[in-house]
Amino acid sequence: MNPNNYSEKEIKEIIKEVLNELYKKDKILIKNETHEITISHKIACYLTNKFENWDVDCEYNRDLENPKECSYNSNETKYIRPDIIIHQRNIKNNLLVIEECSPKLIFDFSSNNFLA
């Protein structure tokens with residue numbers, strides 16, 4: 001695996017591994033419906049170990065020295081803060097942006113597996 005160039009399949013596999021690690025080590029956060037920022041932080045910690053040549057940040061709101069923006073249509077631009085972003089700071093190189101949803105929507109407690 002090239003550390004600077006991940007395929008979509010490799011990224012999905014890493015995300016699945018990280019979510020399973022989250023459940024194994026931090027199950028209580030999910031079961032207690034802990035706030036999304038707490039869970040995002042733990043996911044980002046695990047992602048940091050998987051993407052060593054990348055920066056992994058939570059609620060990162062910068063695009064170089066400017067606020068991070070997203071244009072939804074030609075008339076509307078919003079400032080954004082992704083829950084988690086895997087990128088290289090101070091250059092325009094984003095690998096992945098993650099907007100977290102409720103862990104209960106993606107974790108099947110009956111099978112003890114994430115549905116990612």
Side-chain angles (χ1 to χ4, degrees):
M1 181 181 319
N2 180 341
N4 292 316
N5 222 358
Y6 294 89
S7 70
E8 183 177 340
K9 183 179 178 183
E10 289 169 327
I11 291 171
K12 285 180 179 181
E13 187 59 36
I14 290 170
I15 297 297
K16 191 172 184 176
E17 289 171 15
V18 163
L19 292 176
N20 284 316
E21 185 175 7
L22 172 75
Y23 183 73
K24 286 177 188 171
K25 294 181 178 177
D26 300 296
K27 182 189 302 190
I28 195 73
L29 298 177
I30 297 166
K31 288 198 175 209
N32 287 348
E33 298 181 25
T34 305
H35 195 279
E36 150 186 342
I37 294 173
T38 303
I39 295 171
S40 291
H41 166 74
K42 292 306 294 182
I43 292 170
C45 289
Y46 297 131
L47 286 169
T48 298
N49 296 327
K50 303 286 186 178
F51 294 97
E52 294 178 8
N53 295 325
W54 294 84
D55 298 302
V56 180
D57 291 308
C58 292
E59 304 293 328
Y60 193 80
N61 69 340
R62 306 310 294 171
D63 185 7
L64 303 177
E65 63 278 344
N66 301 313
K68 191 171 282 298
E69 298 177 343
C70 183
S71 297
Y72 292 100
N73 60 43
S74 59
N75 298 329
E76 185 178 8
T77 298
K78 292 188 176 190
Y79 295 113
I80 60 168
R81 285 186 339 222
D83 291 337
I84 300 170
I85 186 169
I86 302 170
H87 64 139
Q88 292 176 320
R89 293 184 202 118
N90 296 324
I91 61 173
K92 286 189 177 272
N93 194 13
N94 298 328
L95 179 66
L96 182 67
V97 172
I98 299 172
E99 282 295 319
E100 184 192 345
C101 64
S102 169
K104 286 197 170 208
L105 295 176
I106 58 173
F107 192 82
D108 178 5
F109 285 95
S110 64
S111 68
N112 284 338
N113 283 306
F114 277 91
L115 303 175

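Every value quoted in this text rests on a predicted model; they were computed, and no experiment measured them.
- No side-chain heavy atom of Leu19 sits under 4.5 Å from any side-chain heavy atom of Tyr46.
- With values rounded to the nearest 0.5 angstrom, Asn53 atom CG is found 11.0 Å from Leu95 atom CG.
- Considering all non-hydrogen atoms of both residues, Asp55 and Gln88 come closest at OD2-CA, 3.6 Å.
- Minimum heavy-atom separation, Lys31 to Tyr23: CE-OH, 4.0 Å.
- The two residues Trp54 and Asn94 have their closest heavy-atom pair at CZ3-C, 4.5 Å.
- To the nearest 0.5 angstrom, Lys42 atom NZ is 11.5 Å from Thr34 atom OG1.
- Each of Ile14, Ile15, Ile84 was compared with Leu96 under the side chain to side chain contact (heavy atoms under 4.5 Å, CB included) criterion, and only Ile15 meets it.
- For the atom pair CD (Glu33) and OG1 (Thr38), the distance works out to 13.0 Å, reported to the nearest 0.5 Å.
- Between the OG1 atom of Thr48 and the CG atom of Asp57 there is a distance of 8.0 Å, given to the nearest 0.5 Å.
- Using a 4.0 Å cut-off between a side-chain N of Lys or Arg and a carboxylate O of Asp or Glu, Glu8 and Lys12 qualify as a salt bridge.
- Between Asp26 and Ile30 there is no side-chain heavy-atom pair separated by less than 4.5 Å.
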Practice item. Verify side-chain contact (heavy atoms from CB on, under 4.5 Å) between Ile86 and Ile11, making sure each step is shown before the conclusion. Key: CA-CA 11 Å; Ile86 302 170; Ile11 291 171; over 6 Å; no
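- Nearest heavy-atom pair, Val97 versus Pro82, reported as atom, atom and distance to 0.1 Å: CG1-CB, 3.4 Å.
- For the atom pair CD1 of Ile37 and CD of Glu59, the computed distance is 5.0 Å after rounding to the nearest 0.5 Å.
- Taken from CG in Leu22 to SG in Cys45, the straight-line distance is 10.5 Å, to the nearest 0.5 Å.
- Scanning all heavy atoms of the two residues, the minimum distance from Cys58 to Ser40 falls at SG-O, 3.7 Å.
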